[in-house]
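Following: one structure in structure tokens, then a few remarks.
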Amino acid sequence: MPELPEVEFAATVARRIARGRTITSVRVLHRSQRRSLPARDAKSLVGDRILDVRRRGKSQRFALASGRELHVHFRMTGDWLAPGPGAIPRTVRAIITFDDGTSLALDDPRALSVLTLHNEPAGDDGIGPDALDPALRAVELGGRLATRRIPIKVALLDQRIVAGIGNIYACEALWRARIDPRIPASRVKPTTLPALLRAIRATLNAALKRQQRYYGSSEDWSDASRFAVYDREGEPCRRCRTRIKRITQAARSTYFCPKCQS
DNA sequence: CGCGACCTGCAT
DNA sequence: ATGCAGGTCGCG
């Protein structure tokens, strides 16, 4: 599920349910989540009130009336569920219940999500500027890439350089900008940086809109047809019909068009 | 830097 | 049975 657009959308769901509400119980159902949010912390949340939910990169931060902050990171497969009456899916790993009877459930088949409680609001903690932050300019992005010799695709995945881009949209954005994912980050020409940033934002914004449009519908998220290159190895490039290639970079699959991305 | 670990479900 | 997955950390 979650790269920046999905997390952005999830944060709006969480905000709608939780903002202004007081927590009446926090149940952590899986040992993996219990490790990051021990029973003591979960218990201490009861009685606290949620002031707001913000997203930064791929993490969500719940600002609490006590001054503390609950961080939620979905990792690979987390998502929020607003459970109605009835059985709770077995992939639900934690449930936060509020004073009005509503609740927010962390649904995560792989149970890799991380919940952490902080006494102080975290600063930037090393995370780079958010990819959708309008204050981020091409020049700054260029500056952050200039010193890196790693491939541009790997650099885009590094949250310290720019926050919010994951494997799918890194591939998609590079295709859009016609940049070879293998070239060193420092070699991206200054003149193509604005195009890269535009491609990143267009890709993320399109995904966010799709997310909003299809929320609650039965569209299959894994349907690859909406990607230009991701998961389309061997299929024709939408621009030039060349076969999409798949390579491995930093132990992740990279998909690209060997002809128009060079 | 690359790679295993963290977890589970799904496709092959 | 095997291998792979939208993320991140910590190890060598």
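A note on names: the letters A, B, ... follow the listed sequences, proteins ahead of strands, and every chain is numbered from 1.
- For the pair A:R238 and A:W175, the cation-pi test (distance below 6.0 Å, angle within 45°) is failed.
- In this entry the distance linking CG of A:D158 with C1' of C:dC9 reads 12 Å, nearest Å.
- Side-chain atoms of A:R176 and A:T203 include a donor-acceptor pair closer than 3.5 Å.
- Between the CE atom of A:M76 and the P atom of C:dA5 there is a distance of 8 Å, given to the nearest Å.
- A donor-acceptor pair shorter than 3.5 Å cannot be found between the side chains of A:T24 and A:D99.
- Put simply, CD1 on A:I127 is 8 Å from P on C:dT8, counting in whole angstrom units.
- OP1 or OP2 of C:dA5 lies within a sub-4.0 Å distance of a side-chain N or O belonging to A:S253.
- In this entry the distance linking CD of A:Q249 with C1' of B:dG2 reads 13 Å, nearest Å.
- Phosphate contact (OP1/OP2 of C:dG7, side-chain N/O of A:H73, threshold under 4.0 Å): absent.
- Judged by distance alone, with hydrogens and angles left aside, A:R252 brings no side-chain donor or acceptor close enough to the base of C:dA5 to form a pair under 3.5 Å.
- Atoms CG (A:D108) and P (B:dG9) sit 10 Å apart, rounded to a whole Å.
- In this structure, A:D130 pairs ionically with A:R55, as a charged nitrogen and a carboxylate oxygen lie closer than 4.0 Å.
- A:R90 comes within contact range of the sugar-phosphate backbone alone, with a heavy-atom separation under 4.0 Å but no base atom that close.
- Nucleic acid contact for A:R160: none, since no nucleic acid atom lies under 4.0 Å from a heavy atom of the residue.
- The side chain of A:Y230 lies closest to C:dA5, out of C:dG7, B:dT8, C:dA5.
- Proximity of A:Q159 to the phosphate of C:dT8: a side-chain N or O atom is located under 4.0 Å from OP1 or OP2.
- Protein atom CG of A:L156 is 17 Å distant from nucleotide atom C1' of C:dT8, rounded to whole Å.
- When the P atom of B:dT12 is taken as reference, atom CD of A:E233 falls 14 Å away, rounded to whole Å.
- Proximity of A:I23 to A:I50: side-chain heavy atoms (C-beta onward) are separated by under 4.5 Å at one or more points.
- The A:H30 side chain lies nearest to B:dT8 when the options are C:dT8, B:dT8, B:dG2.
- Look at CZ on A:R75: it is 6 Å from P on C:dC9, rounded to the nearest Å.
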